[in-house]
Each structure stands twice: as C-alpha cells, then as structure tokens.
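Working notes, beginning with the structure itself.
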Amino acid sequence: MADWTPRVVALDIDGTLLKWVDGQTEDYETITPEVYDAVHRTLDAGAHVVLASGRSPHGMTTIADLLDIPREEADRLWVVASNGAVVFRYPPMEVVHEETFDAAPAVAAVLEHHPHALVAVEEREVGGYRVNRVFPDGELSGEQVITHVDDIVGEPVSRVIVRDPEATADDFIELAARLGLHGTDYVVGWTAWLDLSPVGVSKASGLQHVCDKIGLAAADVLAIGDGRNDIEMLRWAGRGVAMGQAVDEVKAAADDVTATVNDEGAAVEISRWFPQDC
C-alpha cells in the first residue's frame with residue numbers, strides 16, 4: 001500500500017478516540033490533543049472523517065462537537081450510528097438512512113435465559129432510551145424512560161441493547177451462538193452487553209451507504225476500531241486497523257494493529273498517512 005492514501009477515515013469512538021473504562025461517567029469524554037490534531041490533519045489533506053459507533057445518534061454529536069467537526073463552511077458531517085442501522089448528517093441532525101427490524105422474538109429468547117437482564121432502545125425524541133429498568137451509571141447517555149419490555153420492542157426498532165450486569169461477555173457469546181438469534185445480527189461487547197440489529201446491518205453497511213453517497217469505495221477507507229462490533233468494518237475497509245487493546249478476534253479481522261488507546265493508537269495510525277509535516 002506504498003502509494004495508497006485514505007480518502008475516508010472511519011473512526012470508532014469508545015476505546016478508539018476515547019479512553020473508555022467500564023463504569024466511568026460521561027466525564028471520560030475527552031479528546032486528546034494528539035487525536036484532535038490527527039483528525040484535523042486528515043481534513044487538511046482533503047479526506048473525509050466519518051464517525052462510526054454503536055452509540056445512538058444523540059451520543060455521537062457531542063463527540064463531533066469535541067472534535068470541532070465539521071469545520072465552518074464545510075459540508076455537514078457523515079455519521080454512522082447504532083452499529084450501522086442509522087446514518088445521519090450533522091449539524092443539524094438529519095437521519096438519511098435507517099434500518100429497522102422486529103426485535104421481539106430475539107429479546108424474548110434472551111430474557112428466557114437472563115430474566116433479570118436490562119433492555120433498552122433509543123428514544124430519539126427525548127435524547128435518551130426506553131428501558132425496562134435503569135442501567136448502571138455511565139452506560140447510557142441521556143434520559144432513561146421506564147417502559148414495559150413488550151412496549152419497548154412492540155414496534156420495529158433500529159437497535160436493541162440487552163445488558164446483564166450479573167453475567168459475563170463469555171456468557172452472552174455462548175448464549176447468542178446457541179440461540180442463533182434468527183432474523184437479527186448481534187454483537188457482544190466487553191461485558192455482558194448484547195447489541196441486536198437487523199440482519200446484514202453493521203458499521204460496514206452504514207459506511208458503504210456513506211461511500212455510495214460521496215462517490216468513493218471501501219478501498220478508499222481507513223477504518224480504526226477496537227470492539228467486536230468493528231469486525232465487519234475492519235474487514236470491509238481498504239485498510240482496517242485494530243486498537244492495541246482489542247481482543248484477539250478483532251485483531252485477527254484487521255490488516256494491522258496500532259498502539260492501545262492509552263498510547264494514542266488512533267493518532268499513531270492516522271499520522272502514518274497524514275503526518276504532522278504534511
């Protein structure tokens with residue numbers, strides 16, 4: 001790839017741009033100077049920056065604001081949210097693509113094995129979530145509106161979160177594999193956190209939608225991420241790079257591995273293509 005330069009840089013947020021630690025509050029949402037400068041060198045070179053996260057849309061605009069993107073007079077930012085189920089422009093927020101599905105059967109199957117699990121779906125109108133019970137501090141952004149599970153998944157949704165603080169990530173990996181979760185795709189997080197989405201929907205599919213709109217291809221994309229929900233994106237991109245602290249499954253999906261988030265791995269990788277003297 002000696003003569004290759006990315007024309008799109010797709011960035012995960014938690015664990016990639018932000019030094020996320022389980023149980024922290026929103027105070028951890030701090031962009032370091034190294035990451036900030038690397039993102040702006042990317043823009044100086046004329047490349048696109050796209051944020052791609054499992055977060056719901058309202059949890060991503062604050063990160064765009066911290067990065068000061070888009071710049072004044074620039075086109076609105078492209079953002080891939082909810083693990084690819086929602087694509088929006090910002091500012092102002094305008095959802096331009098959304099995939100929904102019937103999550104009720106999958107949620108019922110999981111709750112049969114984890115009856116005390118927490119369930120949440122985004123409630124975009126209030127900038128928060130509808131939940132069957134309140135999630136632990138720092139795990140969801142915005143207001144949490146207590147709602148019965150039947151009503152939470154009573155209509156098509158773009159993404160469902162199932163969380164069991166008493167279980168482990170391995171418990172959920174085993175359960176998801178055993179259930180099959182027909183009609184949905186799923187991603188298990190660092191903890192017992194299960195993201196359910198429509199079949200075929202991932203950060204890769206969301207980024208493909210963006211590339212189609214801006215006239216570029218997967219081969220033009222540098223993607224950086226650290227979680228299991230980044231695997232499809234890392235495989236899809238022209239160059240997929242895993243963060244140094246990622247689990248082996250994520251590293252195996254990537255073309256390369258950069259430094260950890262604590263060692264500014266995202267900035268290290270971006271600087272390879274957009275160095276400080278460019």
Side-chain angles (χ1 to χ4, degrees), residues 1-22 24 27-55 60 62-71 77-80 83 189-190 202-204 206-207 210-211 216-278:
M1 303 182 72
D3 60 349
W4 180 82
T5 301
R7 300 178 67 186
V8 177
V9 176
L11 298 168
D12 172 51
I13 293 177
D14 300 288
T16 299
L17 298 182
L18 304 182
K19 297 173 173 64
W20 185 80
V21 176
D22 191 20
Q24 283 189 322
D27 293 340
Y28 83 94
E29 293 190 342
T30 301
I31 300 295
T32 66
E34 292 85 353
V35 167
Y36 184 96
D37 290 346
V39 166
H40 282 270
R41 288 198 305 275
T42 303
L43 297 174
D44 289 342
H48 299 267
V49 171
V50 181
L51 299 179
S53 174
R55 290 182 176 213
M60 298 183 69
T62 56
I63 308 306
D65 293 342
L66 288 172
L67 286 165
D68 290 327
I69 53 175
R71 293 164 161 175
L77 190 67
W78 285 95
V79 185
V80 174
N83 286 326
W190 290 99
S202 67
K203 292 185 185 184
L207 287 165
V210 174
C211 284
L216 295 173
D220 298 309
V221 180
L222 164 64
I224 310 174
D226 75 310
R228 293 184 179 91
N229 61 335
D230 294 310
I231 288 175
E232 291 88 353
M233 174 179 77
L234 298 181
R235 289 174 174 161
W236 166 87
R239 177 173 169 83
V241 177
M243 297 293 289
Q245 80 279 1
V247 297
D248 289 343
E249 181 183 1
V250 177
K251 291 178 179 178
D255 298 301
D256 204 351
V257 178
T258 186
T260 69
V261 67
N262 290 322
D263 292 320
E264 309 298 346
V268 169
E269 173 61 24
I270 293 171
S271 296
R272 173 175 179 167
W273 310 101
F274 305 106
Q276 293 187 11
D277 59 354
C278 70

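Predicted, not measured: the structure shown is a model, and the values here were computed from it. Residues take their numbers from the sequence shown, with the count starting at 1.
Heavy-atom minimum distance, Glu264 versus Val35: OE1-CG2, 3.6 Å. Between Ala64 and Leu77, the closest heavy-atom pair is CB-CD2, 3.7 Å. Contact between Leu222 and Pro6 at its shortest, heavy atoms only, is CB-CB, 3.7 Å. Contact detail for Asp14 and Ser53: the closest heavy-atom pair is OD2-OG, 4.4 Å. Here the shortest heavy-atom pairing between Gly225 and Leu234 reads N-CD2, 4.0 Å. Looking at every heavy atom in both residues, Asp68 comes nearest to His40 through O-CE1, 3.7 Å.
In this structure, CZ in Phe274 is found 10.0 Å from CG in Asp44, a value given to the nearest 0.5 Å. Within the model, atoms CD1 of Ile224 and CG of Asp12 stand 9.5 Å from one another, a figure rounded to the nearest 0.5 Å. In this structure, Asp255 CG and Arg235 CZ are separated by 11.0 Å, a value rounded to the nearest 0.5 Å. A distance of 7.0 Å separates CG of Leu66 from CD of Glu29, quoted to the nearest 0.5 Å. A distance of 8.0 Å separates CG of Leu17 from CE of Met243, quoted to the nearest 0.5 Å. Taken to the nearest 0.5 Å, the CD1 atom of Ile13 stands 4.0 Å off from the CE atom of Met60.
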* Please step through side chain to side chain donor-acceptor pair (under 3.5 Å) for the pair Ser271 and Gln276, ending with a clear verdict. => CA-CA 7 Å; Ser271 296; Gln276 293 187 11; 5.4 Å; no
* Give the C-alpha distance, both sets of side-chain angles, the deciding distance and a yes or no for salt bridge (charged side-chain N to carboxylate O under 4.0 Å, His left out) between Glu34 and Lys19. => CA-CA 13 Å; Glu34 292 85 353; Lys19 297 173 173 64; over 6 Å; no
* Report the C-alpha distance between Glu249 and Arg228 in whole Å, list the side-chain angles of each, state the deciding distance to 0.1 Å, and finish with yes or no for salt bridge (charged side-chain N to carboxylate O under 4.0 Å, His left out). => CA-CA 7 Å; Glu249 181 183 1; Arg228 293 184 179 91; 3.3 Å; yes
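Residues satisfying the side chain to side chain donor-acceptor pair (under 3.5 Å) test with Glu269, not counting sequence neighbours, are Arg239, Trp273. In this structure, the side chain to side chain contact (heavy atoms under 4.5 Å, CB included) partners of Thr260, at least two apart in sequence or on a different chain, are Gln245, Asn262, Asp263.
Between Trp236 and Val221, some side-chain heavy-atom pair lies under the 4.5 Å cut-off. Between Val50 and Val8, the closest side-chain pair of non-hydrogen atoms falls below 4.5 Å. Within the 4.5 Å cutoff, the side chain of Leu67 has heavy atoms near those of the Leu51 side chain. You'll find the side chain of Thr16 stays beyond 4.5 Å of the side chain of Val261, heavy atoms only. Using a 4.5 Å cut-off on side-chain heavy atoms (C-beta onward), His48 and Leu216 make contact.
Screening Asp37, Val39, Leu18 for a side-chain contact (heavy atoms from CB on, under 4.5 Å) involving Ile31 leaves a single residue, Leu18.
Looking at Lys251, its side chain does come within 3.5 Å of a backbone N or O of Gly244 through a donor-acceptor pair. Using a distance-only test at 3.5 Å, with no hydrogens or angles considered, no donor-acceptor pair links the side chain of Arg7 to the main chain of Ala219. Of the possible donor and acceptor atoms, none in the side chain of Lys203 sits under 3.5 Å from a partner among the backbone N and O of Asp230. Judged by distance alone, with hydrogens and angles left aside, the side-chain atoms of Asp256 form no donor-acceptor pair with the main-chain N or O of Val241 at under 3.5 Å.
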